[in-house]
There are 2 protein chains.
Amino acid sequence: MQETAKADLLASFRHACGQHRLRVTPQRFAIYRGLFRLKTHPSAEKVFRIVKRRFPNISFDTVNRTLLSFVRLGILEFVEGSGNSRRYDPNLNAHHHLHCVKCGAISDFNCRAFDRLEIPPEVRRGFTVLGKRVVLQGVCSKCSKRK
Amino acid sequence: MQETAKADLLASFRHACGQHRLRVTPQRFAIYRGLFRLKTHPSAEKVFRIVKRRFPNISFDTVNRTLLSFVRLGILEFVEGSGNSRRYDPNLNAHHHLHCVKCGAISDFNCRAFDRLEIPPEVRRGFTVLGKRVVLQGVCSKCSKRK
DNA sequence: CTTTTTGCAAAGCGTTTGCATTGAA
DNA sequence: TTCAATGCAAACGCTTTGCAAAAAG
């Protein structure tokens, strides 16, 4: 069962790489696998720590460069963050974000009404829209409690 | 006319500072004035260059620290940006953002329908909403032309 | 007079680059 | 065998911190 899942993942990874003339390396696949286990919006550092557990010799630079490549491939997206380090989002389905202004946490929420938003035609003139998201700024429950 | 505008701006600046026990210094006022001349989403570096034209001795650190203070005061907001340096937004009215994924430019657009979006009650449970914005990712006209 | 703020310098942190070595195709 | 990818180290850019001197209240 687990093995089948892994084989499927590898197949789809090979497919994605093939389309973009990217070589299939064990490091890249380890990063790819690691990403789909995460339900968060990790920084490169975070992905590095996760992948390092299974692949102790991997270097931070490889992780960083691979993440940038994956964005180009469309496997990942950058996430708008007002903080220090760049954050990535492996969830390509329609969803929306909550930004905690205190701790910097980014979490997802779903809302069908938001998904259906129509972009005004004037905006489309002069700007090619690739993605659409509602971002709510505020204070998360952890930070509210911490007072 | 210009002088009146400046006096009004100073009065409102004094008011904002008074409410937060922040001292009124010429540097801070110069930064405050500079911000309201800008229609963009500047980085600290950009604000520094603008303010330095009228206040040549000001240091970058003062600008940087002042911007952070202003965010605490509510004069400014952080802007979600997927890039390198932190960006600020002096426009506190309801508006929405276009992010160019190529050059990192952030521009505003207005849309009454977006302004009126109702936030789902389940989201409000557990998250105190302070701001709401639609963010569109895409390619700006300059980058489209540049091919 | 007291306390905050400024300006400068240094430290810190994340990201990017250059290059020799390794490994995929 | 070729050329891209890796790992390492150094460079870089932006942000933050510490501190003495200057300025605000």
Side-chain angles (χ1 to χ4, degrees), chain A residues 10-11 13-32 34 41-52 54-73 75-76 78-88 101 104 106, chain B residues 10 13-32 34 41-49 51-52 54-73 75-76 78-88 103-104 106:
Chain A
L10 183 54
F13 181 58
R14 281 186 183 285
H15 181 74
C17 287
Q19 291 202 312
H20 294 266
R21 292 154 207 199
L22 214 67
R23 294 192 174 166
V24 176
T25 68
Q27 288 93 333
R28 282 184 179 155
F29 184 55
I31 295 164
Y32 188 80
H41 304 84
S43 60
E45 184 63 35
K46 183 110 186 198
V47 177
F48 175 56
R49 283 199 298 266
I50 301 278
V51 174
K52 206 179 169 68
R54 293 197 169 238
F55 211 116
N57 285 336
I58 201 166
S59 80
F60 175 77
D61 305 72
T62 299
V63 174
N64 204 30
R65 273 185 291 218
T66 300
L67 292 173
L68 294 171
S69 303
F70 283 3
V71 171
R72 264 179 266 123
L73 259 72
I75 291 175
L76 276 184
F78 288 138
V79 158
E80 66 297 326
S82 35
N84 324 321
S85 56
R86 180 149 33 207
R87 304 285 211 88
Y88 298 89
V101 298
I106 300 169
Chain B
L10 183 55
F13 181 59
R14 281 189 182 287
H15 180 72
C17 287
Q19 291 201 313
H20 295 266
R21 292 155 207 194
L22 213 69
R23 293 190 175 171
V24 176
T25 68
Q27 289 91 331
R28 282 182 178 156
F29 184 55
I31 295 164
Y32 187 80
H41 304 85
S43 60
E45 184 65 36
K46 183 109 185 198
V47 177
F48 175 56
R49 283 200 299 268
V51 173
K52 205 179 171 67
R54 291 194 172 241
F55 211 115
N57 285 335
I58 201 166
S59 80
F60 175 77
D61 306 72
T62 299
V63 174
N64 203 31
R65 273 184 291 218
T66 300
L67 291 173
L68 294 171
S69 304
F70 282 3
V71 172
R72 264 179 265 124
L73 259 73
I75 292 175
L76 277 184
F78 288 138
V79 158
E80 68 295 327
S82 36
N84 325 320
S85 56
R86 180 148 34 207
R87 305 283 214 89
Y88 298 89
C103 69
I106 301 169

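Just so we're on the same page: letters track the sequence lines, and every chain starts at 1.
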Distance-only criterion, 3.5 Å: show the donor-acceptor pairs between side-chain atoms of residues 59-69 of chain B and protein atoms not counting sequence neighbours.
from: B/S59; atom 1: OG; to: B/T62; atom 2: N; distance (Å): 3.3
from: B/S59; atom 1: OG; to: B/T62; atom 2: OG1; distance (Å): 3.1
from: B/T66; atom 1: OG1; to: B/T62; atom 2: O; distance (Å): 2.6
from: B/S69; atom 1: OG; to: B/R65; atom 2: O; distance (Å): 3.0

Checking all strands, does [X] fall into the base, sugar-phosphate, or nothing category for heavy-atom contacts under 4.0 angstrom?
X	answer
A/E45	nothing
A/L67	nothing
B/R65	base

Task: D/dA5 OP1/OP2 closer than 4.0 Å to side-chain N/O of A/R21 - done: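 Checking A/R21 against D/dA5: no side-chain N or O falls below 4.0 Å of OP1 or OP2.
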Open item on the list: Strictly distance-based, threshold 3.5 Å: is any side-chain N or O of A/R87 a donor or acceptor partner for the main-chain N or O of A/V79?
Closed with: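 Not at all, since once roles are kept as given, no pair shorter than 3.5 Å links the two residues.
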Task: Polar side-chain atom of B/R28 near backbone of B/R23 as donor-acceptor pair, under 3.5 Å - done: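 Indeed, once roles are kept as given, a pair shorter than 3.5 Å links the two residues.
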Task: Non-neighbouring partners of A/V101 that pass side chain to side chain contact (heavy atoms under 4.5 Å, CB included), sequence neighbours left out - done: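 A/V101 satisfies side chain to side chain contact (heavy atoms under 4.5 Å, CB included) with A/Q137, A/V139, B/L130 only.
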Task: Outermost nucleotides of DNA chain C that come under 4.0 Å of a non-hydrogen atom of chain A - done: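 In short, chain A contacts DNA chain C from C/dG14 to C/dA25.
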Identify the heavy atoms of [X] and [Y] that sit nearest to each other, and give their distance.
X	Y	value
B/R72	B/H20	O-CE1, 4.4 Å
A/A30	A/F55	CB-CD1, 3.8 Å
A/A16	A/I75	CB-CD1, 4.1 Å

Whole-Å distance separating the [atom1] atom of [X] from the [atom2] atom of [N]:
X	N	atom1	atom2	result
A/I58	D/dT6	CD1	P	8 Å
A/F60	D/dA11	CZ	C1'	15 Å
A/N64	D/dC8	CG	P	15 Å
B/R86	D/dC14	CZ	P	13 Å
B/F78	D/dC14	CZ	C1'	14 Å
B/Y88	D/dC14	OH	P	13 Å
A/F29	D/dA5	CZ	C1'	18 Å

Open item on the list: Restricting to ring-ring contact (aromatic ring centres under 6.0 Å, His included), what partner residues turn up for A/Y32, sequence neighbours left out?
Closed with: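 A/F13, A/F36.
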- [ ] Could you list all the salt bridge (charged side-chain N to carboxylate O under 4.0 Å, His left out) pairs where at least one residue sits in residues 43-52 of chain A, not counting sequence neighbours?
- [x]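 Matches after skipping sequence neighbours: A/E45-A/R49.
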Open item on the list: On the side chain of A/D61, is there an atom forming a donor-acceptor pair with the base of D/dA5 - under 3.5 Å, no angle test?
Closed with: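 Checked by distance alone, the answer is no.
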Task: Contact letters for nucleotides 20-25 of chain D, in which S counts primed atoms plus P, OP1 and OP2 and B counts the base, heavy atoms under 4.0 Å - done: ---BBS
